[in-house]
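Working notes, structure below.
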Amino acid sequence: MSKWTDGEREAPEPLEGNVVATTVAGTVVWLVLFLAQLPFYGWFDERGHTWWVWTCAAGTGLGVIGIWYVRKRDAAIRRAAAARPEA
């Protein structure tokens with residue numbers, strides 16, 4: 001364990017990417033999974049697996065909140081960059 005905590009390694013820089021597109025894509029995947037499972041709700045209910053359906057619904061709902069959050073964050077980063085004097 002000491003080889004990971006000896007302090008000789010520096011942490012890598014965080015990866016920056018299109019966070020909004022990534023969040024939208026993940027939310028769409030959850031939504032598609034939810035919609036694909038709806039016709040089989042009875043099958044899931046008979047076997048006690050309705051939590052699969054509701055997990056996808058929760059993923060969709062949290063994804064929508066995430067889309068709102070990352071769009072606001074992206075806009076705030078752009079505003080801060082525009083307000084910063086050019087160096």
Side-chain angles (χ1 to χ4, degrees):
M1 180 77 177
S2 66
K3 70 178 181 178
W4 301 108
T5 59
D6 59 9
E8 292 179 14
R9 300 172 195 236
E10 290 188 29
E13 292 294 321
L15 296 174
E16 290 295 330
N18 192 344
V19 181
V20 176
T22 303
T23 307
V24 168
T27 303
V28 168
V29 168
W30 281 115
L31 178 62
V32 167
L33 289 171
F34 174 70
L35 294 175
Q37 290 178 358
L38 275 182
F40 305 103
Y41 188 84
W43 185 89
F44 286 110
D45 192 32
E46 290 170 2
R47 288 158 180 79
H49 294 302
T50 54
W51 65 271
W52 288 16
V53 178
W54 298 115
T55 298
C56 294
T60 302
L62 290 172
V64 169
I65 295 168
I67 291 169
W68 172 80
Y69 177 81
V70 297
R71 289 186 68 203
K72 292 287 187 180
R73 177 184 175 270
D74 197 37
I77 290 171
R78 285 191 189 132
R79 278 193 310 272
R84 188 177 24 210
E86 293 297 322

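Keep in mind that this is a model prediction, so the values were computed, not measured. Computed over heavy atoms, backbone and side chain alike; hydrogens, waters and symmetry mates excluded.
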Give a yes or no on whether [X] and [Y] share a hydrophobic cluster (residues Ile, Leu, Val, Met, Phe, Trp, Tyr; joining criterion: side-chain heavy atoms under 4.5 Å apart).
| X | Y | value |
| --- | --- | --- |
| V64 | Y69 | no |
| V29 | W51 | no |
| L31 | L38 | yes |

For a quick test of reading the model, state the closest non-hydrogen atom pair linking [X] to [Y] and the distance between them.
| X | Y | answer |
| --- | --- | --- |
| G63 | T23 | O-CG2, 4.0 Å |
| F34 | V53 | CD1-O, 3.4 Å |
| L35 | P39 | O-CD, 3.3 Å |

**Request:** With rounding to the nearest 0.5 Å, note down the distance linking OG1 in T50 to CZ in F44.
**Result:** 9.5 Å
**Request:** Any salt bridge (Lys or Arg N to Asp or Glu O under 4.0 Å) involving residues 55-74? Give me the pairs, sequence neighbours left out, ordered by first then second residue.
**Result:** D74-R78
**Request:** Might you confirm whether atom CZ of R84 has over 12 heavy atoms from other residues, nucleotides or ligands at distances under 6.0 Å?
**Result:**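 Not more than 12 within 6.0 Å, no.
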**W43 atom CH2, neighbour heavy-atom count above 12 within 6.0 Å** =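 Yes - once you tally the heavy atoms of other residues, nucleotides and ligands closer than 6.0 Å, there are more than 12.
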**Within-4.5 Å side-chain heavy-atom neighbours: L62 and W30** =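 A side-chain contact is absent here, since even the closest heavy-atom pair is not under 4.5 Å.
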**Request:** Measure the acute angle between the ring planes of H49 and W52, then classify it against the limits of 30° and 60° as parallel, tilted or perpendicular.
**Result:**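 The rings of H49 and W52 sit tilted, inter-plane angle from 30° to 60°.
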**Asked** What residues form a side-chain hydrogen bond (donor to acceptor under 3.5 Å, both in side chains) with W54, not counting sequence neighbours?
**Response**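 Result, side-chain hydrogen bond (donor to acceptor under 3.5 Å, both in side chains) vs W54: Y41.
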